[in-house]
4 protein chains.
Amino acid sequence: MVKNVPTSIKDQFLIEKRRNQMVKGAVTLFKDKGFHRTTTREIAEASGFSIGTLYEYIRKKEDVLFLVCDFIYERVKERMEQVIDMENKSVDCLSNAVRSYFKLMDEMQDEVLVMYQEVKALSRDAKEYVLQKERDMVHMLEIVIENSLPYTISEQDLKLVANNIFVHGQMWGFRRWLMQKEFTMIEYTDKQIDLLFKSLNLSSPTS
Amino acid sequence: MVKNVPTSIKDQFLIEKRRNQMVKGAVTLFKDKGFHRTTTREIAEASGFSIGTLYEYIRKKEDVLFLVCDFIYERVKERMEQVIDMENKSVDCLSNAVRSYFKLMDEMQDEVLVMYQEVKALSRDAKEYVLQKERDMVHMLEIVIENSLPYTISEQDLKLVANNIFVHGQMWGFRRWLMQKEFTMIEYTDKQIDLLFKSLNLSSPTS
Amino acid sequence: MVKNVPTSIKDQFLIEKRRNQMVKGAVTLFKDKGFHRTTTREIAEASGFSIGTLYEYIRKKEDVLFLVCDFIYERVKERMEQVIDMENKSVDCLSNAVRSYFKLMDEMQDEVLVMYQEVKALSRDAKEYVLQKERDMVHMLEIVIENSLPYTISEQDLKLVANNIFVHGQMWGFRRWLMQKEFTMIEYTDKQIDLLFKSLNLSSPTS
Amino acid sequence: MVKNVPTSIKDQFLIEKRRNQMVKGAVTLFKDKGFHRTTTREIAEASGFSIGTLYEYIRKKEDVLFLVCDFIYERVKERMEQVIDMENKSVDCLSNAVRSYFKLMDEMQDEVLVMYQEVKALSRDAKEYVLQKERDMVHMLEIVIENSLPYTISEQDLKLVANNIFVHGQMWGFRRWLMQKEFTMIEYTDKQIDLLFKSLNLSSPTS
DNA sequence: AATGAATGAGCGTTCATTCAT
DNA sequence: GATGAATGAACGCTCATTCAT
């Protein structure tokens, strides 16, 4: 499942350290100029080492993008796992999960935007790997929904609702020029949860 | 309002014709490799003329992207206008509009995907121009919703619902690897309309 | 001796007319941007006709430069001939000639500058043709000097003095950023004539 | 005062070395075909490295021209400084200075020709910088003249004479097709000094 | 393990010239 | 005679990648 980026460096600790520097530098750059407009020299500089060193830790420029995507997803997933209490089985749990997920999307909107706009530049393999992570995340939402509902929902409906919630979270960041002019984060969240609960025949939560 | 791409050609009819060739050729290319990975020579070749001729009809590579975005939105908008019957004021009207819009998104998913993944490469001005078209489209949905509802809806709710529908339409194309494996177009549409109507306290339409 | 630029047009009068338009347009352009930075399209536009028509009257872009150089020299030579009274044989004649020549260089400094900076771009033949005209002009100065002097001067000295006068005339235009800040045209002329006369053992003219 | 051409290379010694190669290669090329007709690839090849390496040491093609101009002037100035003995205050000093300057112009005629025909292609800033160096050189001549004269000369006359000497030196190279057919370097120098001394009311030197 | 100079394929763009109308 | 759309060789320049140190 894990897709490793080859390197000629032996020291695992160093690899970790250097790649963190790399991702940190690269995200900012990608955010501003996109993957294609960012040069490897810029990445090296932003990472605090030379172009030669950069290539000791990756094989191709694309590897940086992969590392960045992987990093972001890992961060997002990690946060979602913390946030979603799988044990609690009530409708409050659903609204909490949505609320937490939206908050996360708000905090990481730049990173998420970068990732979505650039995944297409990844190779088939890498793309598949990243997409799988996305599937995992949607699946987490599915579980929360299923657990929270007082009735049985069809597999299809479950998937659809989970995906809807998922894109509503992204929408906040992707369409920020529209949404964030009309709503505060709180308003947006409350209203989306309200619509969601009505569509699921649930009584609105006491937020 | 209109943003024209400068050209050194005088024959207006020819400009129209050549630019259509250009857009047609470019969309396919952008679909496959993205804007940045597509070379101007490839665009020229796909358009059926030489690189020199290409540059008689545009100033910069970016102009091609703008032309493509403009073309797509124009097509989408045109179709949406045909499809949405502004006179009819019933809930059927809403479900029809959503149905037609989803169908359109299904038919033009490649084009729409291209547009969304590449607008960011446009200059500030061009981007603003294209984004305005998107706003127009969302606004069309707002009008339909407002007209169809038997009750008064708040401005904010209206905007939110319209945007939700809008992204659900895109979702069908953008997340096709997920959605189109689970649903047929009909299923997807029916289920989304069902959720929508419930969230709006409307009784499900007789589709 | 005459170097004709081939054309496919039969009407001699038209050729004359069009080429005058051409030279007039081109000189301004060359003055501003130099020969290489000026495009044939710009020349055509500045001449008041299309690029197609331009090429009916010349074969290559270089022909325009030749025409321009030819035109300028012709104008300069013409003026010099008017100005130099070959009959009068006194030292006044020399100072008058120098004065007139300097005045001419002042009036045509842009044109002369253009010509000198661009002749090198001409083909060997054309360059030789244009250079011959320059020799003719220096020769005119030689004759005036010889006629004006009350004593016999060696061939070499004659050539040297004539060339000195010639470059002093150019200097006014070529080094204008230096000379024209220090001298008025009158001052410059008076002082140069003064130096010239002293170097020729002539008593200063009563200007 | 110093105008540096940016580079991405860190090793100062290497920069010096490579730029010398560059200037050497470029001068020959510019001599033959002029700046505009010379391609960057030709410059790279003549310099002994690849086009990529060329651009590690400059930013734009124009930088090469600037480097060439700068190099030539530096060389000329250096030589003039060696040659002009500022202490000695006699008329011999003047004739020696002129003699040395002419000799220098003879040796560097190609370089000087290149520079003068191409400075106009420099950007405003670079042109100003190069022109200042020329002013410096004329100023050196002014000082020699002033020191050599047994009488006081007006500021204007001083400037005029210095500029005359300056262009007479250039004339030997610029008008070589005329001058070098009529005179040997010695003859040309002797005769010009003779005319100069007469115009300054000095008795001819015993050269 | 780190450096950075070197490479050259390949890009976007220009423009002199042609030729069908 | 006049037009201007079409062409493509050639330009200046970039940048991912390599490799000797």
**Request:** Would you mind reading off the distance between A:Tyr55 atom OH and E:dA1 atom C1', rounded to a whole angstrom?
**Result:** 18 Å
**Item:** Value in whole Å for how far the C1' atom of E:dT13 lies from CD of B:Glu62
**Value:** 15 Å
**Item:** B:Ile51 vs D:Phe35, nearer the 5' end of DNA chain F by closest nucleotide
**Value:** B:Ile51
**Asked** Which one is paired to F:dT21, where only Watson-Crick or G-U wobble pairs with both distances under 3.5 angstrom count?
**Response** E:dA2
**Message:** Need one value for C:Ile9: base, sugar-phosphate or nothing, where a base atom within 4.0 Å counts as base even if backbone is also close, heavy atoms only.
**Reply:** sugar-phosphate
**Message:** Could you tell me how far apart C:Leu54 (CG) and E:dT18 (C1') are, to the nearest whole angstrom?
**Reply:** 13 Å
**Request:** Round to a whole Å and report the spacing from CG of A:Leu65 to P of F:dA16.
**Result:** 13 Å
**Message:** For a 4.5 angstrom cut-off between non-hydrogen side-chain atoms, does D:Ile43 reach D:Phe30?
**Reply:** yes
**Message:** Just to be sure I understand the rule, does B:Thr39 reach a base, reach only the sugar-phosphate, or reach nothing, if contact means heavy atoms closer than 4.0 Å?
**Reply:** sugar-phosphate
**Request:** Assign D:Thr7 to base, sugar-phosphate, or nothing according to its heavy-atom contacts below 4.0 angstrom with the strands shown.
**Result:** nothing
**Complete:** On DNA chain E, more 5' by nearest nucleotide between D:Leu14 and C:Arg37 is D:Leu14
**Message:** Regarding C:Arg18, tell me which of base, sugar-phosphate or nothing describes its non-hydrogen contacts under 4.0 Å with the strands shown.
**Reply:** sugar-phosphate
**Request:** Would you indicate whether B:Lys120, at its atom NZ, is surrounded by more than 12 heavy atoms from other residues, nucleotides or ligands within a distance under 6.0 Å?
**Result:** yes
**Asked** What's the CD-C1' distance between B:Glu56 and F:dT3, to the nearest Å?
**Response** 14 Å
**Asked** Counting only heavy atoms not in B:Glu45, do more than 12 fall under 6.0 Å of its CD?
**Response** no
**Prompt:** D:Tyr57 has an atom OH; how far is it from atom P of E:dG4, in whole Å?
**Reply:** 13 Å
**Passing option when B:Phe66 is tested against B:Tyr73, B:Phe35, B:Tyr129 for ring-ring contact (aromatic ring centres under 6.0 Å, His included)** = B:Tyr129
**Request:** Take atom CD of D:Glu16 and atom P of E:dA5, then tell me their distance rounded to the nearest Å.
**Result:** 15 Å
**Prompt:** Is the distance from OP1 or OP2 of E:dA2 to the nearest side-chain N or O of A:Thr53 less than 4.0 Å?
**Reply:** no
**Request:** For A:Asp11 and for D:Gly48, locate the closest nucleotide of DNA chain E by heavy-atom distance; then report the residue assigned to the nucleotide nearer the 5' terminus.
**Result:** A:Asp11
**F:dA16 phosphate, OP1 or OP2, under 4.0 Å from A:Thr40 side-chain N/O** = yes
**Separation of atom CG in B:Asp63 from atom C1' in E:dG12, rounded to whole Å** = 12 Å
**Item:** Whichever of D:Lys60 and B:Phe49 has its nearest DNA chain F nucleotide further upstream toward 5'
**Value:** B:Phe49
**Item:** Pairwise side-chain contact, D:Leu67 with D:Phe71, heavy-atom cut-off 4.5 Å (strictly under)
**Value:** no
**Request:** Record whether the side chain of D:Arg41 comes under 3.5 Å of the base of E:dG10 through a donor-acceptor pair of N or O atoms.
**Result:** yes
